[in-house]
*Asks:* 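First, the structure itself, so that you have it in front of you.
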Amino acid sequence: MTTRTRITKSFFYLVLATLVVMICVGIFEYQTSYFQSRYFAKLAASLNVDLKEGPAEATWHPSHGPYNIQNGYTRLPEFSERLQAKGYHISLQANFSDRLMQYSSWGGNPPYREKAQTGLRIIGNSNTLFSSREPEHVYAAFNDIPPLLLKPLLFIENRELLVDQHPTKNPVVEWDRLAQAALARVLHPGEGGPGGSTLATQMEKYRYSPNGMTADHNDKLKQIVSASVRHYHSGLSGRDARKAIALSYLNSTPLSGRAGHGEIHGVGDGLKQWYGIDFAYANYALTASSDSVSIEEKARVFKAALSLLLSQRRPSFYLLEGREELEALTTSYLRILTSNGVISEKLRDAALAQKLHFVERERNQASPSFISRKAVNNVRNELMTLLGVRSLYTLDRIDLTVQSTIAGDTQVKIAELLKQATDLDYAKQSGLLGEKLLREGQLSALNYSVLLYERTPTGNVLRVQTDNLDLPFDMNAGSKLDLGSTAKLRTLISYLDIIEKVYVKYRALPPKDLAFARKVAEDPLRQWTLDRLIADANIPLQQLLDAAMQRSYSASPAESFFTGGGLHTFSNFDKQDNSRVLTVAEALNRSVNLVFIRMMRDVTRYYSMEIPGSRELLLDRTDPRRKDYLGRFADLEGKIYLNQFYSKYRKLNHQEIIERLASRTKPFPGRLTMAFRSVRPDADEAALTAFLRSRLTAEAIAEVDVAKLYRQFDPERFNSNDRAYLAHMHPLELWLVKYLLESTDINYEQIVQESAPLRQDAYTWLTKSRKQRAQDRSIRILLERDAFVAIHQQWQRVGFPFSSLVPSYATAIGASADRPTALAELMGIIINDGMRIPFRQIDSLHFAQGTPYETKFEFTPAVGTRVLSPEVSATVRNALAGVVENGTARRLKGIFVDASGAPIQVGGKTGTGDHRIKSYGAGGRLIGSEAVNRNAIFTFYIGDRFFGVILAHVGGSQSTGFEFTSGLATQLLKIIHPVLQPELTKASQPANANIDIR
């Protein structure tokens, strides 16, 4: 044997030995996954996440994957930006290790044990107020899975998963199935065939791959690697880890979606949504003995569950338009499972004898009460705004826990009391029946609401928001109500604010200048304040404001007031007040209308005099600004008339417009002809004759020379004002009717724009020199409107919710309406010494808890804005205490106490709103009154921490017979006092200690 031969043989044996070793190692690796388990376990151990205080130094967020999208993980950077802009800061966040950052950037999915259920959870006072779990029905543990469901699953999808194997065996890949699937793709490219995915890789695909699909071999590699890392990262022993895979798959497999529910995940929800089978019952039917459940019933449930396992391959097809194909596929698998010993022949035959029965919608789904979820829904709506989420459906599926400020127990108890308040026996016992309260038979029509806030070291927080209106509408935040005398509180603040303004402006002037300022002052509030400064130049502001509360006003209703463009009279609630002269404090306690009407007149005069040159404008008839004011008046009043005419004609067709026009003037031939020819200038004599016949009698027509009228009232002979004068109609009405008859595309904004010259032309009479009295009247109307613009700005600073005020003294007694939440905000300003501090009902938002994306946001102490001085706030606070001590809310006197039993100061303002639409006849005679709603309200503070609003409301025509006053609201607060008392006695830190002021 030559040396060459010996070397060749040695090499051959070496190669052979190597192959044998490799084969042995391969077999060993195939059976045990020894090497890959160590590699993946080592890799998984380096993929660490640490939860740290404050923003993370290194973090990563996914950009795709149905599971990541549903849970909001992909939008966390957006949420973070929005929340930090809204005053929240990151207090906790998951920090990625360097290796995990590299792994995630490559495309691996961070390993963690996904939750069986996720969704929005709202907590208040450690109580869960709301919980949306998705999926709704899950198996809590592996042993809860019926064997009759588990065995078919493993046979169809992953037969080796629970076969007794080496503890380190990797369940993510079944190499024989993977090789078979790959070979099929090579031999039959572009065709479907058996898949090579195990349950673990399927979950990686439908949870984390783009659109839940495998696009190419790179996606498949990422799925296998991610699933393997996840398996060896779990910390479970071999068989327990594989059991967790089966459990997670059954709880999460996607099963399409349907209207009214959305996406469906997991067998539990799938049975309920597609087949109407209760999850608990299904598990019972699949595990119960034949003595308890018939074979036919077991087969029905089993076949439905089996169809869901099979539909996962193409769920949107099989569960929607492909139901016949799903029936055929399920039938075939029933036979396959029997032939392989997975199910019995008896069960197969019973299942084959039945058809899959889909339900059209989820059955027995009771709608939740809006009453019980009112506060929660407000939190959810705020979350939508905070996060920029467009629907409650999307919000409720985000993996998020919210800590609300709502006092859960108190909220529930008060809601129950409001519900009880409509019960007759309870109403009798609670003092809700009686004079100026309620009568039997009225209880069911009443709606009540309660708002309660607390002043805390980090701002004003919501504690209770509830009502007994079983509708999604929020009475507190969404209503615009006539709340009556609560407007007196806003008027009082305007009054005191003016006293302070004058004091600050003039207090440093020397006596000579003060005397001159007093000489030229024309409004009463400026005059009174200057008198006090002249008498005592060093008078403190608080002393001055206290004296202002003792100013006197007549309560007589005998005077008529020119306001809002006309002459008005007002009345008092209590006729005994008519002959009294009351101080401001007394008038507030008794809620006397005429005092506040006169106070509003003084407030308006102050702001009118603040308009530069307003005094000269009325005294100097040659002032060139008068022309501008008269032009403004013409435009303003012209728009009012134009709007009235547009409301009368806008819904009519051409024939109806002509008929309405004919009815608008007396049946005199000349008037009718002028009106008709003004709006139909191109019409012929025949058209005019037809028009006249519609309004005149046959005898009158016989005496009329239509041709002469047609020539005599040619519209070209007259200007717009002359035509209107001859027709005895407003020129804007004639212009509008002509416009509507000639236009095809009607747009009100365009009408207003095109009518501008005519509005000025219609009021040319006002500029004539002999009309000076009318001119002064028009200018005074505009000065008053301008004054109310300034008053509105002051009201808005303290939270008035609407974009304008009614320019009338009647605003002082509620003509401009209000909103309960706005009154609560005003009360918050008062007890916060004039600081306007934002309300809050969300303390923290905890996203993705227990995941690599975990992030917690907490509220940053609020930034407050000073809108009232501490002195004005203190004056108002003391005045409101007088309303409870001696005024309209005295039934609450002494009922609130602190932990030691000492009385807590309570203050507030009552209000009664009776909103009616009134119709008047000739001479101002009232000819009709239609009830719109009636309201009783009490806006209050309790001590230096709590404040809020109580509202009683009845709407529509049924409010006609109600006579309750604000005493109903105060009685309601008295009823719920025992529920509020525990909140009042809880210890509290000094309020607003950390609030910044700007």
Side-chain angles (χ1 to χ4, degrees), residues 82-89 382 385-386 405 451-463 476-477 486-487 489-505 541-542 545 603 607 610 789-805 816 818-843 858-877 879-880 907 909 939-941 944-949 988-998:
R82 293 181 66 93
L83 287 169
Q84 291 184 78
K86 294 289 186 178
Y88 291 83
H89 66 277
E382 182 174 343
T385 301
L386 283 173
T405 66
L451 271 176
L452 182 69
Y453 292 89
E454 183 178 3
R455 179 186 182 216
T456 75
T458 57
N460 297 326
V461 300
L462 177 68
R463 293 305 187 204
N476 294 296
T486 53
L489 173 57
R490 294 193 184 277
T491 304
L492 174 66
I493 291 172
S494 294
Y495 164 81
L496 294 172
D497 187 61
I498 290 172
I499 300 295
E500 182 186 27
K501 280 184 170 72
V502 177
Y503 172 82
V504 171
K505 181 178 180 179
L541 175 58
Q542 188 61 65
L545 295 174
V603 169
Y607 281 110
E610 285 291 288
V789 170
I791 295 169
H792 176 249
Q793 292 172 351
Q794 193 275 329
W795 281 31
Q796 277 194 316
R797 286 202 307 274
V798 292
F800 185 72
F802 305 122
S803 60
S804 64
L805 292 176
S816 292
D818 219 317
R819 185 170 282 162
T821 51
L823 288 170
E825 183 172 22
L826 177 60
M827 196 60 65
I829 292 169
I830 292 168
I831 75 164
N832 278 289
D833 296 324
M835 295 296 300
R836 186 177 183 181
I837 299 167
F839 286 168
R840 182 175 87 254
Q841 57 183 344
I842 296 173
D843 275 333
E858 293 186 1
F859 183 76
T860 305
V863 175
T865 304
R866 179 161 297 288
V867 293
L868 293 176
S869 69
E871 292 84 357
V872 168
S873 301
T875 304
V876 174
R877 191 163 56 246
L880 294 177
K909 184 69 190 80
T939 179
F940 61 88
Y941 70 84
D944 61 356
R945 287 169 50 201
F946 291 94
F947 59 96
V949 176
S988 175
Q989 296 174 313
N992 302 336
N994 300 320
I995 292 178
D996 297 324
I997 299 176
R998 67 177 179 197

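It should be emphasised that the depicted structure is a prediction, and the values quoted were computed from it without experimental measurement. We count residues from 1, following the sequence as given.
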*Asks:* Less than 4.5 Å apart, side chain to side chain, heavy atoms only: is that true for Y941 and L880?
*Replies:* yes

*Asks:* Parallel, tilted or perpendicular: which one describes the rings of Y453 and F947, with boundaries at 30° and 60°?
*Replies:* parallel

*Asks:* When you look at F946 and L452, which way does the side chain to side chain contact (heavy atoms under 4.5 Å, CB included) test go after all the steps?
*Replies:* CA-CA 7 Å; F946 291 94; L452 182 69; 4.2 Å; yes

*Asks:* Between the side chains of R840 and T456, does any donor sit under 3.5 Å from an acceptor?
*Replies:* no

*Asks:* Check whether any side-chain heavy atom of V876 lies under 4.5 Å from a side-chain heavy atom of L868, and answer yes or no.
*Replies:* no

*Asks:* Answer yes or no: does atom NZ of K501 have more than 12 heavy-atom neighbours from other residues, nucleotides or ligands under 6.0 Å?
*Replies:* yes

*Asks:* I need the D843 CG to T458 OG1 distance, nearest 0.5 Å.
*Replies:* 6.0 Å

*Asks:* Just checking, is any N or O donor in the side chain of R455 or N832 under 3.5 Å from an acceptor N or O on the other one?
*Replies:* yes

*Asks:* For the CG atom of L823 and the OG1 atom of T939, what is their distance to the nearest 0.5 Å?
*Replies:* 5.0 Å

*Asks:* If I take atom CZ from residue F940 and atom CG from residue L451, how far apart are they, to the nearest 0.5 angstrom?
*Replies:* 8.5 Å

*Asks:* So, S494 versus Q794: side-chain donor-acceptor pair below 3.5 Å or not?
*Replies:* yes

*Asks:* Rounded to the nearest 0.5 Å, how far does CD of Q542 lie from CD of E871?
*Replies:* 6.0 Å

*Asks:* Can you give me the closest heavy-atom contact between I829 and S873, atom names plus distance?
*Replies:* O-OG, 4.2 Å

*Asks:* How close do V872 and L545 get, counting heavy atoms only, and between which atoms?
*Replies:* N-CD1, 3.7 Å

*Asks:* With a 4.5 Å heavy-atom cut-off, do V461 and Q841 have their side chains touching?
*Replies:* no

*Asks:* Could you grab the distance from atom OG1 of T405 to atom CZ of F859, nearest 0.5 Å is fine?
*Replies:* 10.5 Å

*Asks:* Nearest heavy-atom pair of D818 and P801: which atoms, and what distance?
*Replies:* OD1-CD, 3.7 Å

*Asks:* Would a 4.5 Å heavy-atom cut-off, applied to side chains only, mark T491 and I791 as touching?
*Replies:* no

*Asks:* Side chains of I493 and I830, heavy atoms from C-beta outward: is any pair under 4.5 Å?
*Replies:* yes

*Asks:* Any salt bridge (Lys or Arg N to Asp or Glu O under 4.0 Å) pairs touching residues 823-835, not counting sequence neighbours?
*Replies:* E825-R836, D833-R877

*Asks:* Compare every heavy atom of L541 with every heavy atom of S869, then report the nearest pair and how far apart it is.
*Replies:* OG-CD2, 4.5 Å

*Asks:* Go through E500 and L496 one step at a time and tell me if the side chain to side chain contact (heavy atoms under 4.5 Å, CB included) criterion holds.
*Replies:* CA-CA 6 Å; E500 182 186 27; L496 294 172; over 6 Å; no

*Asks:* With rounding to the nearest 0.5 angstrom, report the OG to NE2 distance, S804 to H792.
*Replies:* 6.0 Å

*Asks:* Mind checking what makes salt bridge (charged side-chain N to carboxylate O under 4.0 Å, His left out) contact with E858, not counting sequence neighbours?
*Replies:* K856

*Asks:* Looking at side-chain heavy atoms only, is the closest gap between Y88 and T860 below 4.5 Å?
*Replies:* no

*Asks:* Should F800 and L826 count as side-chain neighbours, where that means a heavy-atom distance under 4.5 Å?
*Replies:* no

*Asks:* Closest approach of S816 and F802, non-hydrogen atoms and distance?
*Replies:* O-CD1, 3.9 Å

*Asks:* Holding to salt bridge (charged side-chain N to carboxylate O under 4.0 Å, His left out), I want the full list of residues that pass it with R797, two or more places apart in sequence or in another chain.
*Replies:* D497

